[in-house]
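Below: one structure, written as structure tokens.
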2 protein chains.
Amino acid sequence: MATVSRTLAGNYPVSTETRARVMAAVESLHYVVNVHAKALSGGVAGPVALVIQDITGPSLAHVAAGVEQEATSRGRLSLVCSTRGDAAREDDLIQLMREQHAAAVVLVGGVVPDDAYHRRMAEYAKALDAAGSRLVLVGRPPLPAGTPATVVEYDDRGGAFQATSHLLAAGHGRILFLGGEPGLSSAEQRREGHLAALRAHSVPYEEELDVPGSYTRTSGYRRVRDVLDAGLDFTAVLAGTDAIAVGALAALREADLRVPRDVSLVGFDDVPYATDLTPSLTTVRVPYEELGRTAVRLALDREERIGGDNHVVLSTQLVIRESVRPPR
Amino acid sequence: MATVSRTLAGNYPVSTETRARVMAAVESLHYVVNVHAKALSGGVAGPVALVIQDITGPSLAHVAAGVEQEATSRGRLSLVCSTRGDAAREDDLIQLMREQHAAAVVLVGGVVPDDAYHRRMAEYAKALDAAGSRLVLVGRPPLPAGTPATVVEYDDRGGAFQATSHLLAAGHGRILFLGGEPGLSSAEQRREGHLAALRAHSVPYEEELDVPGSYTRTSGYRRVRDVLDAGLDFTAVLAGTDAIAVGALAALREADLRVPRDVSLVGFDDVPYATDLTPSLTTVRVPYEELGRTAVRLALDREERIGGDNHVVLSTQLVIRESVRPPR
DNA sequence: CAGATGGAAGGAAACGTTTACCATGCGGTC
DNA sequence: GACCGCATGGTAAACGTTTCCTTCCATCTG
């Protein structure tokens, strides 16, 4: 037994002849080591777990790709689990990941950071920490100092600020803001950036131009149709996500408004097909893949040595395409 | 030890008082069972592994979602690994999954089914089978009878047949076919379906209208630009994938050809944003999520009882939108 | 009241590795 | 010629569960 183990591990002198015999036996018996036994006796690095609402969304898929990439490059496996937004399932998954001895558990996706949420996260963080794992929050607000968790954010506020500034610089005074759900952290941040840009350019805020809703195509479509029906006056739209922008585009087109001739449009996320829309969409790029990679990197670095950052904010960037033009 | 195990498993009578004491200890010690030890003594169902080229593509992400969904609904974890098309990495992953005691290994993605490929797959199938696992091929051609593998295909040929028939029925006689790489199994099938439809309608095949290339947006763009430069005459385009269709659309637009007024266009895959293009894209829907679910279902059913299918072909369906119109 | 019955708890083996420690044999050194 | 050190191989403990088999004790049963 010992000799086989050492032959396969290659960390101990084994004579050429013995090695050959071992290999022959391995071959003929189709022998493979048993990870569980190996893990029990302590020689296996735990996997990285990604907990996500729905892997199907283009931006989340990129986060997943980043996580997988960084994990494999460090010799870890990636577990992917979806919650479909169910908090109870999230609880179960945290427990499951403690059992699995996951090296890191990466939670992704928008969230309403109320008290219940913070309590839940603090509990997750402590539970995972006690099990030698690490909670990583991606695209979610940071937890109170002292909580054993790592947070990787991106600059929602700055992105929205850039987007609105771009529209204002083009001469648009009445910008329809199609935000996200009130309370949702990223939606609030994006809205703040938008408002800050208005203030910076001394453009008064008008409540009727600030229309919240969900981050979906349908919601974007409905909201634009409704404001058009109501006869609202605007020359540009800042959509809280590219999905919303796509819905808005459809509604504008139905109303015979051409983008960007009649109405300018800016999205948020830079999904891959943004460039294939007509017109191609000016939008804010979020470094999703980089978010995933960073999440894993920070968590594992901290495991291997002590130290490293626990909170990082990645920057976003306005990508200028064809959907913005000065108002007529 | 025994009592704790039984208390937590709940499969043996334990007095209320003892149960309470155990639970209190579990609580105060933050105890969690160790999966590896549990697995060693035989009480753990192996995970399902998904091996994919790149999880970022919209269609493959849906396969992943299907796999994850079916796996969790059966109490299994999902491991996701990407190969970036590297055969050596695929070899390593098969070995890794044997070690992990994966219940099933799902391989997805187009492939050139040459001899080397068949040898490789046969070897994978046998290696996994010997380890009590199951190889599942999704969207790939079946292996020789007797190989211990499960295959879940979809009807490439039928989809292409429908697409071409639709164009022919609309009156298009000269259809530009932007296929995939020669040899790639799905590309060959789609091409066959296209040719069969031409034959069925007694439309002669013309080689100049049959332009192979890769399954990418760029390739679609290039090919259309090239044939337009060469002055080729055609009134409709059948693209081998939606990505190609999007590239074609861009090239047509650059040449001031309007879709569908001047040229009709049909894609393949039905990616989520197909409906958001201008015009919305008529395309062939491939049931990607269903493919993933079926793959897992077949593999696990076979594990749990004996029997069940080893080869399934899911049907595809033409989705009619706005990108096809009779020629002028 | 002796023996049977049954519920609850504990002891110990087994799962398949890794590795610290020990045993053996061999060549070389003083 | 005894001793040492090195290369190699073997033994057994440890990892943390589950579960079979015992044991213990209390309650029935005749």
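All values below come from the heavy atoms of this structure, side chains included, with hydrogens, waters and symmetry mates left out. Each chain gets a letter, A, B and so on, in the order the sequences are listed, and its residues count up from 1.
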### Heavy-atom side-chain contact between B/Leu135 and B/Asp129 under 4.5 Å
no
### Query
Does B/Ser41 have a side-chain nitrogen or oxygen under 4.0 Å from the phosphate oxygens OP1 or OP2 of D/dT19?
no
### Message
Could you tell me how far apart B/Asn34 (CG) and C/dT17 (P) are, to the nearest whole angstrom?
### Response
16 Å
### Task
By nearest nucleotide on DNA chain D, pick out whichever of A/Pro13 and A/Ala2 is the more 5' one.
A/Pro13
### Integer-rounded Å distance: D/dT17 P and A/His36 NE2
14 Å
### Query
B/Leu40 has a side chain; which of C/dG16, C/dT17, D/dT17 sits nearest to it?
C/dG16
### Query
Is the distance from OP1 or OP2 of D/dT18 to the nearest side-chain N or O of B/Asn11 less than 4.0 Å?
no
### Query
For B/His101 and C/dC15, what is the distance between atoms NE2 and P respectively, to the nearest whole Å?
14 Å
### Message
Expressed as a whole number of angstroms, how long is the span from B/Leu8:CG to D/dG16:P?
### Response
16 Å
### Message
Categorize B/Val32 for me: base, sugar-phosphate, or nothing, with a 4.0 angstrom heavy-atom threshold over every strand shown.
### Response
sugar-phosphate
#### Entry: A/Gln100 CD - D/dG16 C1' separation (whole Å)
15 Å
### Query
Side-chain N or O of B/Ser5 less than 4.0 angstrom from OP1 or OP2 on D/dT18?
yes
### Query
Is there side-chain contact between B/Tyr154 and B/Val138, with heavy atoms separated by less than 4.5 Å?
no
### Task
Compare all side-chain heavy atoms of B/Val48 with those of B/Glu70 and state whether any distance is below 4.5 angstrom.
no
### Summary
On DNA chain D, more 5' by nearest nucleotide between B/Ala37 and A/Ser15 is A/Ser15
### Query
Just how far, in rounded Å, is C1' of D/dC15 from CE of A/Met1?
13 Å
## Note on the structure
Looking only at heavy atoms, the pair that brings B/Ala49 and B/Met97 closest together is CB-SD, 3.6 Å
#### Entry: Test side chain to side chain contact (heavy atoms under 4.5 Å, CB included) applied to B/Arg120 and B/Ile94, step by step
CA-CA 11 Å; B/Arg120 228 151 42 83; B/Ile94 298 294; over 6 Å; no
### Task
Starting at atom NZ of A/Lys38, determine the distance to atom C1' of C/dT19, rounded to an integer number of angstrom.
14 Å
### Polar pair under 3.5 Å, donor/acceptor by atom type, side chain A/Tyr12, base D/dG9
yes
### Summary
Per atom distances to the B/Arg6 side chain, the nearest of D/dC21, D/dG9, D/dT17 is D/dC21
### Query
So what does B/Val35 hit on the nucleic acid, given a heavy-atom distance under 4.0 Å: a base, only sugar-phosphate, or nothing?
nothing
